[in-house]
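Presented below is the structure to which this report refers.
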Number of protein chains: 4
Amino acid sequence: MATTELKKPLRGIVPPMVTPLLDRDTLDVEGLERLVEHILAGGVHGLFILGTTGEAPSLGYRLRRDAIDRVCRQVAGRVPVLVGITDTAFVESVGIARHAADAGAQGVVLAPPYYFPAGQAELLEYLQHLVPELPVPVFLYNMPSLTKLNFEPPTVRAAADIPGVAGLKDSSANMIYFHQLQGLFRDRPDFSLLVGPEELLGETLLLGGHGGVSGGANVWPRLYVALYEAARARDLDRVAALHERIMRISSTIYSVGRYGSSFLKGVKCSLSLKGICSDFLAEPFHRFRQEERESIRKHIDALESEP
Amino acid sequence: MATTELKKPLRGIVPPMVTPLLDRDTLDVEGLERLVEHILAGGVHGLFILGTTGEAPSLGYRLRRDAIDRVCRQVAGRVPVLVGITDTAFVESVGIARHAADAGAQGVVLAPPYYFPAGQAELLEYLQHLVPELPVPVFLYNMPSLTKLNFEPPTVRAAADIPGVAGLKDSSANMIYFHQLQGLFRDRPDFSLLVGPEELLGETLLLGGHGGVSGGANVWPRLYVALYEAARARDLDRVAALHERIMRISSTIYSVGRYGSSFLKGVKCSLSLKGICSDFLAEPFHRFRQEERESIRKHIDALESEP
Amino acid sequence: MATTELKKPLRGIVPPMVTPLLDRDTLDVEGLERLVEHILAGGVHGLFILGTTGEAPSLGYRLRRDAIDRVCRQVAGRVPVLVGITDTAFVESVGIARHAADAGAQGVVLAPPYYFPAGQAELLEYLQHLVPELPVPVFLYNMPSLTKLNFEPPTVRAAADIPGVAGLKDSSANMIYFHQLQGLFRDRPDFSLLVGPEELLGETLLLGGHGGVSGGANVWPRLYVALYEAARARDLDRVAALHERIMRISSTIYSVGRYGSSFLKGVKCSLSLKGICSDFLAEPFHRFRQEERESIRKHIDALESEP
Amino acid sequence: MATTELKKPLRGIVPPMVTPLLDRDTLDVEGLERLVEHILAGGVHGLFILGTTGEAPSLGYRLRRDAIDRVCRQVAGRVPVLVGITDTAFVESVGIARHAADAGAQGVVLAPPYYFPAGQAELLEYLQHLVPELPVPVFLYNMPSLTKLNFEPPTVRAAADIPGVAGLKDSSANMIYFHQLQGLFRDRPDFSLLVGPEELLGETLLLGGHGGVSGGANVWPRLYVALYEAARARDLDRVAALHERIMRISSTIYSVGRYGSSFLKGVKCSLSLKGICSDFLAEPFHRFRQEERESIRKHIDALESEP
């Protein structure tokens with residue numbers, strides 16, 4: 001296994017890969033292979049599997065381990081692979097992390113345990129117990145809408161002193177929070193601050209954030225990489241134009257049906273329409289029906305015919 | 001294994017048993033045995049393991065299976081054993097349910113998958129897929145504060161038509177909701193409606209509910225059984241007196257420290273002080289420190305010295 | 001003006017009267033007169049005007065003063081009149097309270113200022129400043145869903161020591177909270193604890209609460225008074241039967257259209273159908289349209305044809 | 001009265017002025033005059049009085065009218081004056097708007113009625129009734145944390161077709177929402193999109209927003225104007241530097257005491273320390289105590305000694 005040293009800070013576009021499925025307990029193995037190659041061909045800077053977009057909590061452990069093995073083997077060190085290890089049970093998080101490290105993953109990603117909401121002191125103590133058990137660096141994952149718990153800025157700052165904590169991915173959609181973290185980490189340029197929602201990628205990069213975990217990069221990886229590069233080049237007009245393009249994706253592809261899960265359904269449906277992988281979703285969700293699929297098809301046609 | 005037929009509707013006091021632990025991945029086996037006998041000696045009508053009070057989401061799967069085996073073996077059909085199978089992953093819920101049935105459990109208890117909040121139509125579809133896979137009857141578990149999702153009354157009414165759905169335990173603490181369900185199930189006297197929070201047990205029983213899943217019955221099982229019997233006897237004064245006693249437990253034992261987890265810590269600490277089992281809690285929680293333990297001791301002394 | 005001494009504690013059914021309107025700034029004066037007589041004929045123990053059900057926050061101050069004058073004059077001491085004085089501005093609350101006292105009202109009702117959510121210490125300080133300015137006793141009004149602020153039990157207990165604070169009306173729909181307050185006020189039998197949602201009136205009265213501020217008593221005042229009397233007589237079967245009847249009202253009359261405002265629309269529509277007063281609602285709400293009105297008519301017919 | 005034509009779209013920095021008070025019902029008239037001059041000297045593009053920062057909901061109507069008269073007279077057309085008319089009562093909103101127009105205000109600002117949360121259809125209907133009654137253009141004000149109601153993007157787009165609706169100020173702190181609105185209004189370059197939280201001013205201006213309603217501009221108006229100008233000049237480095245400066249204000253001046261009201265207290269305390277106006281706050285808030293005041297003083301010293 002080729003090893004890829006994880007750069008500090010991790011920068012760039014790290015797509016949260018969907019998990020292609022044939023049914024609730026079977027990987028779409030061929031789709032998975034095509035998807036990995038499709039994303040890597042876009043020039044991304046890492047790959048994050050088994051996160052929220054990867055439906056990890058909805059997948060059985062056997063299947064998760066299978067996905068880790070296959071992705072790590074296929075990526076083969078071309079970019080760093082990060083693996084989601086979020087779990088309500090401490091011992092299961094550790095188990096997945098060890099499996100990921102053995103398979104060659106360069107890092108893991110951890111949201112708080114999401115059944116019982118811990119207090120901030122308990123959350124810090126949890127990290128102090130857990131992180132030393134992890135064989136690879138860990139990125140914290142702030143996802144309050146699903147975990148019922150915010151990583152308060154002082155908690156993040158304290159957690160960053162635990163050896164092995166390499167950064168934070170923020171999916172709160174709260175840019176005030178993100179800027180507060182940037183302020184707290186001005187003395188820690190090695191600590192990676194990544195944004196989840198791609199609608200906020202433009203401003204994140206313009207104002208000093210390190211990158212994004214952009215779900216749309218499953219489908220159009222080059223677009224997000226282009227935005228990253230435009231921001232690095234300080235090309236404000238190009239950032240604005242690419243940001244608008246992402247907003248059009250968001251207001252079309254991710255808005256069909258107005259489900260809580262429209263984003264996930266829209267991404268998987270788009271990948272299916274493009275012939276990359278299956279659009280099966282694990283319970284409690286289900287794939288788009290024919291009418292919604294037609295909407296997605298029209299939106300893709302419109303988006304891809306734009307200059 | 002002696003078999004206990006599950007009565008329809010299930011009635012009475014079904015304590016949600018705590019899971020005695022020596023550390024995060026080790027059962028307190030002797031404590032578990034003492035606890036089962038302590039609870040059963042109180043005359044309870046069933047035993048519910050691996051629920052919220054049982055910290056199930058915080059426990060590894062190996063330990064959960066061990067707990068199921070030991071409890072079923074020890075109870076040996078004296079009362080029905082219900083096993084929590086709530087999981088974010090469909091296949092893991094099925095796996096635990098099969099293990100529970102094989103071990104002799106009479107039923108299982110299921111809250112919605114709690115990472116991704118499903119819509120009501122998705123929730124019903126999830127149940128339509130899952131319940132036929134379960135080898136024993138299932139009780140739905142409404143716990144919106146932790147699952148971010150309410151079982152809306154029409155969803156419950158529709159789910160009750162799936163063969164195998166035997167009742168619902170409501171931990172919403174919303175008695176309007178509970179009364180709405182009672183109205184919807186007036187034509188289904190076999191469908192069990194149980195209340196979670198013991199502070200609401202008195203009114204639940206006075207107004208036609210079938211029973212309670214009362215956490216305090218880990219420590220004082222006879223008290224909750226006495227309330228159940230007083231309500232069956234229509235002895236309003238005695239119900240009021242026992243309800244007040246439960247409110248005193250709630251405002252003392254469950255209110256030390258004002259944590260989100262004070263209830264759980266208070267119950268485990270009380271059991272430890274009474275010599276029944278360890279008070280270790282799995283991450284992200286931790287047991288009470290010495291000062292809080294002293295408070296609990298004083299509260300127990302005061303409560304038990306009352307007439 | 002006949003004066004009615006306010007009993008301590010205030011007990012019984014105190015309907016929160018709707019405000020009959022011809023348009024957004026004009027009272028339905030004749031409807032108001034009929035409504036007052038209709039309610040009083042039901043044997044209620046008080047009348048609460050300009051609360052949430054009275055749409056007070058949606059009404060201009062001139063109209064509110066007009067309503068106070070007319071109701072106090074018409075009731076003429078037959079029962080105590082309570083007037084809602086909740087306002088975001090301290091000086092406006094005091095102004096309405098003085099007007100109410102001058103008109104002959106026996107008490108006022110106050111929820112926290114509802115734009116800026118105060119902390120508990122600020123809330124207590126606010127009451128310590130405001131209550132001494134009020135010329136008549138005040139009932140606190142816990143309505144967290146609309147004020148974004150809960151009267152925490154210790155705050156209520158401390159506020160009860162301010163001379164003039166006579167009780168609390170709880171519309172949180174959280175019976176655990178209500179029972180906690182009952183526990184805190186066991187030494188203060190003069191402090192009135194009233195429940196808002198009528199779906200919880202049965203259990204409130206069975207377990208020691210003093211009464212209810214039941215919106216349905218605008219339409220069917222005798223029903224709520226009958227439940228109060230059945231509970232006083234410890235007639236558990238009759239309480240359960242009347243409670244079920246109220247639940248049927250709730251699941252029909254208050255559930256048409258599934259608006260946030262369905263309760264208010266249902267009550268006003270019912271009064272209109274019974275020829276008592278207009279069903280006009282102030283912005284931001286509007287009366288039921290014809291189809292919904294037909295639903296209400298059918299529900300009323302079904303309810304009133306029951307034995 | 002000199003008249004200032006309201007430009008379309010309104011652009012730039014429009015500070016939400018605090019209301020200087022001597023006590024809960026008395027304006028600090030001299031402080032008010034100094035404050036207006038202080039802000040205008042900073043080169044701002046408008047002045048917004050009686051908003052959230054202006055504590056309008058906590059102030060009596062007499063005082064609000066007095067404030068409108070004084071500010072309009074003093075500004076005397078140098079910049080447009082916008083007046084908050086948000087009210088739970090339709091007729092009171094209209095009354096304040098007429099008073100403001102008579103006094104010479106160029107526009108009004110309206111959040112939804114904030115006691116009863118309307119549905120989106122009701123909110124649109126409310127605007128369709130209200131806006132034609134207003135004598136000057138109106139800016140919608142999205143403030144979901146305090147009104148419990150979000151102006152959904154389709155509602156805003158529909159409302160923008162009512163003659164007189166000139167723009168929207170968004171205080172949701174949700175930049176995804178803001179970008180969605182920008183997308184919907186690409187064909188309406190006259191419709192002003194302003195951001196509330198100053199922590200988001202940098203990105204708002206870089207990505208096409210028209211300006212900000214920045215509370216800190218009460219104290220340091222030039223800073224916010226400088227950020228606006230740097231963004232107009234596409235000077236990304238300077239925007240980033242000024243944004244960081246604002247973040248330092250936010251994490252110091254607005255974070256003392258960690259109250260919900262820390263922002264408001266910090267701004268008024270800063271103005272008091274700088275000798276501009278009183279720091280009295282209307283109920284339910286109160287000014288900082290001595291210790292907190294000392295913290296603010298130190299923070300100001302540190303901020304103002306930076307290069």
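Just so we're clear, the structure is a prediction, and the values are computed from it rather than from any experiment. Throughout, a chain's letter reflects where its sequence line sits, starting with A, and its residues are numbered from 1.
- Proximity to chain C is limited to the side chain of D:E92, based on heavy atoms less than 4.5 angstrom apart.
- Here the side chains of D:N142 and D:P144 are in contact, with some heavy-atom distance below 4.5 Å.
- A salt bridge does not link D:D279 with D:K265: none of the charged nitrogens is closer than 4.0 Å to a carboxylate oxygen.
- Contact annotation for C:P117: both backbone and side-chain heavy atoms come within less than 4.5 Å of a heavy atom of chain D.
- Most heavy-atom pairs under 4.5 Å with chain D, from the set C:H129, C:R62, C:E55, C:M143: that is C:H129.
- With ring centers used as reference points, C:F139 lies 6.0 Å or more from C:F48.
- Most heavy-atom pairs under 4.5 Å with chain D: of the set C:E122, C:H286, C:E125, this distinction falls to C:E122.
- For D:P57, the parts lying near chain C are the backbone and the side chain together; criterion is any non-hydrogen pair under 4.5 Å.
- For the residue pair C:I96 and C:G84, the shortest heavy atom distance occurs at CG2-O, 3.9 Å.
- Between C:D66 and C:R70, at least one side-chain N (NZ, or NE/NH1/NH2) sits under 4.0 Å from a carboxylate O, which counts as a salt bridge.
- For C:S145, the part lying near chain D is the backbone, with the side chain staying farther off; criterion is any non-hydrogen pair under 4.5 Å.
- Per-residue counts of heavy-atom pairs under 4.5 Å with chain D were compared for C:F90, C:Y126, C:F285; the largest is that of C:F90.
- Of the two parts of C:S58, the backbone and the side chain both hold a non-hydrogen atom closer than 4.5 Å to a non-hydrogen atom of chain D.
- Note: C:T52 leads C:T147, C:L123, C:T52, C:L59 in heavy-atom pairs under 4.5 Å with chain D.
- For the atom pair C:Y141 OH and C:L110 CG, the distance stands at 11.5 Å (nearest 0.5 Å).
- With a 4.5 angstrom heavy-atom cutoff, C:L146 touches chain D via backbone and side-chain atoms both.
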